[in-house]
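What you are looking at is a predicted structure, and each value in this text was computed from that prediction instead of being measured. First the proteins, then the strands, lettered A, B, ... as listed; each starts at 1. Computed over heavy atoms, backbone and side chain alike; hydrogens, waters and symmetry mates excluded.
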2 protein chains.
Amino acid sequence: MPTIKDVAKYAGLSRTTVSRVINDQPYVSDEKRQCVLKAMEELGYVPNSSARRLRSQKTETLAVLLPRITNPFFSHLIEAMEIKASQWGYQVIICQTHESEQKEQDYLELLRTKQVDGVIMTAVHNDWEVIESYRECGPIVVCNENIEEAQVPFIYVNQEEAAYDATMHLIQQGCKNISFLSGDDDSNVSAYRRSGFLKALQESSLPFLPNASYANAIDVNSGREIFRELRRLNHPIDGVFTGSDEVAAGMIYEAIKEGVRVPEDMSIIGFDNQSISMLMSPSITTVEQPVQDMGEKCVEVLIDQIEHKHRSVREDHVFEHELKVRNSTFQEIALVNS
Amino acid sequence: MPTIKDVAKYAGLSRTTVSRVINDQPYVSDEKRQCVLKAMEELGYVPNSSARRLRSQKTETLAVLLPRITNPFFSHLIEAMEIKASQWGYQVIICQTHESEQKEQDYLELLRTKQVDGVIMTAVHNDWEVIESYRECGPIVVCNENIEEAQVPFIYVNQEEAAYDATMHLIQQGCKNISFLSGDDDSNVSAYRRSGFLKALQESSLPFLPNASYANAIDVNSGREIFRELRRLNHPIDGVFTGSDEVAAGMIYEAIKEGVRVPEDMSIIGFDNQSISMLMSPSITTVEQPVQDMGEKCVEVLIDQIEHKHRSVREDHVFEHELKVRNSTFQEIALVNS
DNA sequence: TTGTAGGCGTTATCAA
DNA sequence: TTGATAACGCCTACAA
């Protein structure tokens with residue numbers, strides 16, 4: 001691999017001049033410029049990015065921390081992020097934490113070791129004070145969470161409202177005994193959703209059923225298991241807030257197997273408007289988040305911080321959610337009667 | 001950010017000694033070692049990775065090229081890759097090509113500019129001769145394709161056999177007019193699948209129906225559209241080989257809407273055994289590929305090449321596929337009668 | 001066992 | 001307009 005030195009020698013010029021040509025800088029005569037370009041061409045020269053990084057103290061690389069990429073919500077998010085980052089000339093490193101605090105810290109180390117210019121966290125597992133300590137190493141942007149005490153940009157939808165709207169919808173469909181499922185119980189998202197859920201119950205004078213409340217509902221299988229557990233309760237459940245289309249799909253799958261009618265016997269509501277929610281029979285009522293817009297916004301905000309070096313402060317970018325009513329909560333007959 | 005020099009000064013030792021401690025090298029007295037560790041601790045020193053890269057000429061980073069991460073097949077593949085890479089201390093950069101030859105080349109440039117130590121291609125869009133020219137810059141491993149003239153490691157399942165098995169299954173279920181769908185028409189995978197499909201038809205003395213053959217069937221929406229187009233044909237179709245669970249799901253969705261019974265009127269077979277294939281009603285018969293094993297193997301083979309610097313030669317790692325028979329091709333009544 | 005010094009490939013400063 | 005030279009931070013012969 002030829003270096004800038006080889007090009008300079010070959011062209012009979014100095015490294016400086018070659019560097020100027022590489023970086024499109026002024027103060028190079030056209031004649032010499034051509035000369036350098038020809039030399040680069042003929043030698044097949046390409047600037048070495050490690051050297052550039054060292055010299056410029058920039059990596060043009062972002063780290064995106066997420067629980068697991070196979071969750072469609074995150075794969076859609078990171079798809080949008082990668083496209084936007086690529087437009088700005090940035091690379092994206094995938095960092096799957098699998099909800100581990102340790103892994104999360106390991107990946108945040110990328111910031112400290114200067115392997116990335118900035119970090120996007122799509123979930124937060126450590127206490128904020130741990131995350132905070134990495135901020136001196138570079139900008140951090142948080143997506144899909146909202147941590148009150150943190151002074152960084154946040155990109156999210158109002159999870160409390162979203163859960164409230166979803167729960168209200170269940171109640172309007174006549175549900176009286178509603179089960180609440182959440183993913184990671186420690187997460188902020190879960191806390192906000194729970195709060196919205198409770199608010200809707202309270203306003204409707206309905207009881208919260210702690211026995212019918214489950215955490216770690218994250219995928220199809222957990223949906224199936226929880227459905228079976230719900231059936232074992234003495235208390236009959238007629239509505240479920242799942243917080244995930246996959247979980248909802250797993251429950252519906254099991255419901256069909258067990259001869260439980262959805263929504264007649266039990267209404268089930270998902271989250272994220274993944275393609276599965278449209279495809280299931282019955283199709284799944286769900287809450288849509290503008291994933292693509294959110295992903296793009298994260299990258300824009302982060303790169304802006306990187307390139308303008310302004311210290312990140314609290315900044316809330318709240319996106320709108322939308323309830324998509326489908327058949328898992330809605331009997332067409334009801335429409336006719338209403 | 002403190003550098004090795006600061007640590008050396010603070011500890012009253014030389015940079016060399018500090019470096020030795022950082023890299024766990026011998027020939028440092030315990031006393032000095034403690035001294036250095038203490039200095040590093042107190043200054044909050046972390047080695048700068050850009051400098052290390054430049055010095056060692058290694059990046060400990062891999063690029064994974066894929067069409068789009070939202071396709072579950074690829075998100076599962078890259079999940080396994082990222083986990084394995086992380087175990088070896090390597091980072092993974094996502095490179096979405098969206099089937100663009102240009103993007104593919106842009107990302108291969110990462111190899112030339114030394115931003116990554118190696119590349120995994122999970123699809124190949126350019127002519128091999130283009131790819132070949134990047135091989136002098138670093139190792140390349142190809143996953144999920146099999147290009148005969150290429151002298152690199154290949155990790156794949158035998159797509160021809162897989163398509164043959166799937167088609168034979170349709171034929172055994174009584175299908176006589178079978179439609180063939182494929183993703184990217186130029187791709188090698190499609191060619192092999194087509195070949196297996198044709199072989200099965202031929203052996204069964206069934207005609208190939210070019211009018212009922214479609215390319216660019218890659219997701220739920222294309223499945224829906226193609227279903228509608230199939231219905232417009234004069235020729236009635238009683239079986240479809242889709243090459244993708246998403247496409248199959250889209251077709252089934254549309255079939256239900258149109259009152260076409262699956263599998264009684266039309267059998268539909270998917271590919272990849274994604275969770276959607278189990279969840280649909282009817283559940284989708286599909287071909288499973290051992291995605292996780294394949295992903296891990298790619299990373300192992302690539303890192304082996306990187307670390308042992310042996311020039312890559314032809315190497316075939318063929319994984320077994322498995323037909324998963326479900327309800328989209330199989331009437332339970334047939335089981336009772338047989 | 002420890003330290004000195006040179007270089008990895010680039011870019012920025014300054015002088016010519 | 002061009003070029004010599006000194007960093008960027010690290011590692012490693014080689015010398016002591």
Side-chain angles (χ1 to χ4, degrees), chain A residues 1-37 39-40 43-61 89 109-117 137-138, chain B residues 1-37 39-40 43-61 89 109-117 137-138:
Chain A
M1 288 270 104
T3 72
I4 199 171
K5 212 167 154 186
D6 300 319
V7 177
K9 197 179 296 174
Y10 190 87
L13 292 162
S14 72
R15 285 177 294 169
T16 312
T17 307
V18 177
S19 175
R20 288 204 181 95
V21 173
I22 295 168
N23 297 290
D24 267 325
Q25 283 172 15
Y27 303 124
V28 183
S29 67
D30 258 357
E31 182 202 359
K32 311 266 177 187
R33 189 180 295 272
Q34 290 313 320
C35 196
V36 169
L37 288 171
M40 297 201 317
L43 293 175
Y45 167 79
V46 186
N48 177 306
S49 98
S50 302
R52 284 191 143 169
R53 286 181 183 221
L54 177 57
R55 189 53 236 226
S56 67
Q57 307 282 37
K58 307 185 73 271
T59 65
E60 311 209 302
T61 305
E109 284 292 326
L110 293 176
L111 210 50
R112 201 196 291 284
T113 58
K114 296 268 169 288
Q115 304 208 53
V116 299
D117 293 333
C137 308
Chain B
M1 286 269 105
T3 73
I4 198 172
K5 210 167 153 187
D6 300 318
V7 177
K9 196 179 295 173
Y10 190 89
L13 292 163
S14 72
R15 287 177 296 168
T16 314
T17 306
V18 177
S19 175
R20 288 204 180 96
V21 173
I22 295 168
N23 298 290
D24 266 325
Q25 283 172 14
Y27 303 124
V28 182
S29 66
D30 259 358
E31 182 202 358
K32 311 266 176 185
R33 187 179 296 272
Q34 291 313 320
C35 198
V36 169
L37 288 172
M40 297 201 315
L43 293 176
Y45 168 78
V46 186
N48 176 306
S49 98
S50 301
R52 282 191 145 168
R53 285 181 184 221
L54 177 58
R55 184 54 233 228
S56 66
Q57 306 283 37
K58 307 183 74 272
T59 65
E60 310 207 304
T61 305
E109 284 292 326
L110 293 175
L111 210 49
R112 201 196 292 282
T113 57
K114 296 268 168 289
Q115 304 209 51
V116 300
D117 293 334
C137 309

Closer than 4.0 Å, any side-chain N/O of [X] to the OP1 or OP2 of [N]?
X        : N       : answer
Asn48(A) : dC8(C)  : no
Tyr27(A) : dT13(C) : no
Arg53(B) : dC10(D) : no

Separation of [X] atom [atom1] from [N] atom [atom2], in whole Å?
X        : N       : atom1 : atom2 : answer
Leu13(B) : dA16(D) : CG    : C1'   : 16 Å
Leu43(B) : dG9(D)  : CG    : P     : 14 Å
Ile4(A)  : dA6(D)  : CD1   : P     : 17 Å
Asp6(B)  : dC10(D) : CG    : C1'   : 13 Å
Arg52(A) : dA7(D)  : CZ    : C1'   : 17 Å
Lys58(A) : dT11(C) : NZ    : P     : 13 Å
Lys5(B)  : dC8(D)  : NZ    : P     : 6 Å

Below 3.5 Å, does any donor atom in the side chain of [X] face an acceptor in the base of [N], or the other way round?
X        : N       : result
Ser29(A) : dT2(D)  : no
Arg15(A) : dT10(C) : yes
Arg20(B) : dG3(C)  : yes
Arg55(B) : dC8(C)  : no

query = Atom CD in Gln115(B), atom OG1 in Thr59(A): separation rounded to 0.5 Å?
reply =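 Here the rounded value is 9.0 Å.
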
query = Going from CD on Gln34(B) to NZ on Lys32(B), what distance comes out if it is rounded to the nearest 0.5 angstrom?
reply =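 Nearest 0.5 Å value for the CD-NZ distance: 13.0 Å.
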
ask   = Which atoms form the tightest heavy-atom contact between Ile4(B) and Tyr45(B), and what is the distance?
value =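 Heavy atoms of Ile4(B) and Tyr45(B) come nearest at N-CE1, 3.5 Å.
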
key: Considering all heavy atoms, the nearest Val7(B)-Ala39(B) contact   =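 Here Val7(B) and Ala39(B) meet closest at CG1-CB, 3.9 Å.
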
query = Nearest nucleotide by nearest heavy atom, which residue falls closer to the 5' end of DNA chain D, Leu54(B) or Asp30(A)?
reply =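 So the residue in question is Asp30(A).
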
query = Want to settle it: does Val28(B) or Gln25(A) sit nearer the 5' end of DNA chain C, counting the closest nucleotide to each?
reply =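 Here Val28(B) is the residue nearer the 5' end.
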
The side chain of [X] lies closest to which of these nucleotides: [options]?
X        : options                   : answer
Thr3(A)  : dT4(C), dC11(D), dT10(C)  : dT10(C)
Gln57(A) : dC10(D), dT2(C), dG9(D)   : dG9(D)
Thr16(B) : dA13(D), dC11(D), dT10(C) : dA13(D)
Ile22(A) : dG3(D), dT12(D), dT11(C)  : dT11(C)

key: Modelled atom types, side-chain donor and acceptor of Arg53(B) and Asn48(A), under 3.5 Å   =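 Asn48(A) and Arg53(B) do not have a side-chain donor-acceptor pair below 3.5 Å.
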
ask   = With a 3.5 Å cut-off and no angle check, do the side chains of Ser14(A) and Thr17(A) form a donor-acceptor pair?
value =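 Yes - a donor-acceptor pair under 3.5 Å links their side chains.
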
Regarding [X], tell me which of base, sugar-phosphate or nothing describes its non-hydrogen contacts under 4.0 Å with the strands shown.
X        : result
Val21(A) : nothing
Pro47(A) : sugar-phosphate
Ser19(B) : base
Glu31(A) : nothing

